[in-house]
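Just so you know, these numbers come straight off a predicted model, no measurement behind them.
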Amino acid sequence: MAEATVELKDLDFAGDDRVVPFQVEGLDVRGRAVQLGPLLNSILGRHDYPAPVARLLAEAIVLTALLGTSLKFEGKFTVQTKGDGPVDLLVADFSTPNSLRAYARYDEDALAESVAAGRISPPELLGSGVLAFTIDHGHNMQPYQGIVPLDGSSLEEIAGVYFRQSEQIPTKVRLGVAELLDRDPSGRPRHNWRAGGLVAQFLPQAPERMRQPDLHGGDGDERGHDQSDDDAWTEARMMVETIDTDELTDPQVPIERLLFRLFHERGVRVYQPQSVADRCSCSREKIKSVLEGFSAEEIQASEEDGEIAVTCEFCSTTYRYKAEEFAAA
């Protein structure tokens, strides 16, 4: 069944925390775009991350929302970085139909040193390592994982490389994060986070039009790398590259309006938006089942004052159990 479409002039704007699929038929481009507000504030607020860490995690959250909502089956999509920088771990996952959660791990001393030295770009904070995209179909099926190196590029650039290498689909990603300052009802200053993103992919009917120059293999690679891209994809890519952070995060510029600004001359079509929600998959029962797999020695080592306390890294909920619940473990 074809997806229902509407004209921009007839559309109630999707608003925050809703991913908008779109198509530009004149350029053979499909994509998804989103602005995150309350969801992002909720996730970042409960952890009180330093601003450089919050910005990085916000980018991972936007990327996960854009890609996770494209799943056509029940499952989970995860974006994860592992590096040797001050922020050594970012994890964000999307579980169908609309649950999103995320957390970051960082070294306080190393981060403070980097901030003091002005080394706060994403490559400097993440360091060398890998970015992994994992698709878990569930139902006892083997998860699929694609891995690309953290090579000193931004998350949006690395994501584009992943699609080009693993999916062989020309892809352009834009991510933006903004920290807004206002006042709460009592007049005290407060921080609000907003983020936005867009992913555009070149999907012409003729597969040969998707062929792009191979990525350069480094020193000694003499293959040609100056072939011209398809004109339609070159145009689309250049349009996406004009988007700045203010446009992606401005609450006065809804996603549909931004898409119209970019592609109206080529005829942009939007589809029904898909909401995303701050919702963790942890539960008292799930964590207890994990603890039941511990040995008696591990249970004893985890015990304090007759209790075992486990805090979810994603949502910061703490679950407490009596040690005797696992006496037979």
Side-chain angles (χ1 to χ4, degrees), residues 1-11 13-14 17-36 62-73 75 77 79 94 96-98 100 133 135 144 146 148 155-176 195-213 229-243 247-248 253-276:
M1 179 182 297
E3 295 181 79
T5 62
V6 293
E7 297 292 334
L8 286 174
K9 63 183 178 60
D10 299 325
L11 185 73
F13 292 135
D17 303 342
R18 305 186 79 191
V19 178
V20 179
F22 68 90
Q23 180 177 1
V24 187
E25 293 180 346
L27 296 175
D28 290 320
V29 165
R30 285 182 176 267
R32 310 176 82 78
V34 71
Q35 287 181 329
L36 300 179
V62 174
L63 186 58
T64 303
L66 289 170
L67 303 183
T69 51
S70 67
L71 294 181
K72 303 300 183 184
F73 51 83
F77 176 81
V79 171
F94 173 89
T96 55
N98 64 352
L100 202 155
F133 297 86
I135 300 174
Y144 165 79
V148 288
L155 284 181
E156 62 183 26
E157 291 170 330
I158 296 171
V161 170
Y162 163 77
F163 277 100
R164 185 164 163 186
Q165 288 182 330
S166 301
E167 307 295 329
Q168 298 184 354
I169 299 174
T171 301
K172 186 66 182 177
V173 179
R174 287 290 287 120
L175 306 172
L198 181 148
V199 56
Q201 296 186 308
F202 185 50
L203 296 166
Q205 291 186 352
E208 61 271 15
R209 290 183 59 210
M210 291 178 58
R211 294 175 182 167
Q212 302 291 296
D229 287 344
D230 187 282
D231 289 343
W233 175 237
T234 298
E235 180 180 341
R237 190 182 66 241
M238 292 177 64
M239 288 178 177
V240 173
E241 288 173 351
T242 66
I243 305 171
E247 288 180 296
L248 283 172
V253 183
I255 280 298
E256 295 88 347
R257 191 180 302 279
L258 176 58
L259 291 172
F260 181 78
R261 286 181 181 179
L262 289 173
F263 300 119
H264 68 279
E265 291 184 355
R266 289 294 195 165
V268 59
R269 176 180 297 176
V270 297
Y271 297 86
Q272 292 298 325
Q274 180 176 346
S275 65
V276 288

Inset, instruction - For V276 and F94, work out which heavy atoms get closest and say how close. - result: CG1-CE1, 3.8 Å

Inset, instruction - Would you please name every residue forming a salt bridge (Lys or Arg N to Asp or Glu O under 4.0 Å) with E157, sequence neighbours left out? - result: none

Inset, instruction - Determine the minimum heavy-atom distance between T171 and Q201, stating which atoms define it. - result: OG1-NE2, 3.2 Å

Inset, instruction - Only counting residues at least two apart or in another chain, list the ones meeting ring pair (Phe, Tyr, Trp, His ring centres under 6.0 Å) with F163. - result: none

Legend entry - Inter-residue atom distance M239.CE - L259.CG, 0.5 Å rounding: 12.0 Å

Legend entry - Results of side chain to side chain donor-acceptor pair (under 3.5 Å) for D17 - residues two or more places apart only: none

Legend entry - All side-chain contact (heavy atoms from CB on, under 4.5 Å) counterparts of L248, not counting sequence neighbours: R174, I243, L258

Legend entry - Check: T242 and L262 side chains under 4.5 Å, non-hydrogen atoms: yes

Inset, instruction - Run the numbers on V253 and R261 for side chain to side chain contact (heavy atoms under 4.5 Å, CB included), then give the verdict. - result: CA-CA 10 Å; V253 183; R261 286 181 181 179; 3.9 Å; yes

Legend entry - Qualifying residue for side chain to side chain contact (heavy atoms under 4.5 Å, CB included) with V62, from L198, V19, V34: V34

Inset, instruction - Report the residues that fulfil side chain to side chain donor-acceptor pair (under 3.5 Å) with T69, sequence neighbours left out, ordered by chain and then residue number. - result: R32

Inset, instruction - Please identify each residue that fulfils salt bridge (Lys or Arg N to Asp or Glu O under 4.0 Å) with E265, with sequence neighbours left out. - result: none

Legend entry - Distance in Å, D230 CG paired with E235 CD, rounded so as to fall on 0.5 Å steps: 10.5 Å

Legend entry - Q23: side-chain contact (heavy atoms from CB on, under 4.5 Å) partners, not counting sequence neighbours: E25, R30, Y271

Legend entry - Closest heavy-atom pair and its distance - V173, G160: CG2-N, 4.4 Å

Legend entry - Spacing of CZ belonging to F202 relative to CD1 belonging to I169, to within rounding of 0.5 Å: 11.5 Å

Inset, instruction - Output the distance between atom CD1 (I158) and atom CG (L63), rounded to the nearest 0.5 Å. - result: 10.0 Å

Inset, instruction - Specify the closest pair of heavy atoms between I255 and A33, including all atoms of both residues, with the distance to one decimal. - result: CG2-CB, 3.6 Å

Inset, instruction - Taking all heavy atoms of A236 and all of L27, pick out the closest pair and write down the distance. - result: CB-CD1, 3.9 Å

Legend entry - Closest approach of P21 to P273 (non-hydrogen atoms, all atoms of both residues): CD-CA, 4.2 Å

Inset, instruction - Determine, stepwise, if the pair K172 / W233 fulfils side chain to side chain contact (heavy atoms under 4.5 Å, CB included). - result: CA-CA 10 Å; K172 186 66 182 177; W233 175 237; 3.9 Å; yes

Inset, instruction - Flag the pair V20 / F13 as yes when at least one side-chain heavy-atom distance between them is below 4.5 Å, and no otherwise. - result: no

Inset, instruction - Under the salt bridge (Lys or Arg N to Asp or Glu O under 4.0 Å) rule, collect the residues that match up with D28, sequence neighbours excluded. - result: R209

Legend entry - ring pair (Phe, Tyr, Trp, His ring centres under 6.0 Å) partners of F77, counting only residues at least two apart: none

Legend entry - T64 side, atom OG1; F133 side, atom CZ - distance, nearest 0.5 Å: 8.0 Å

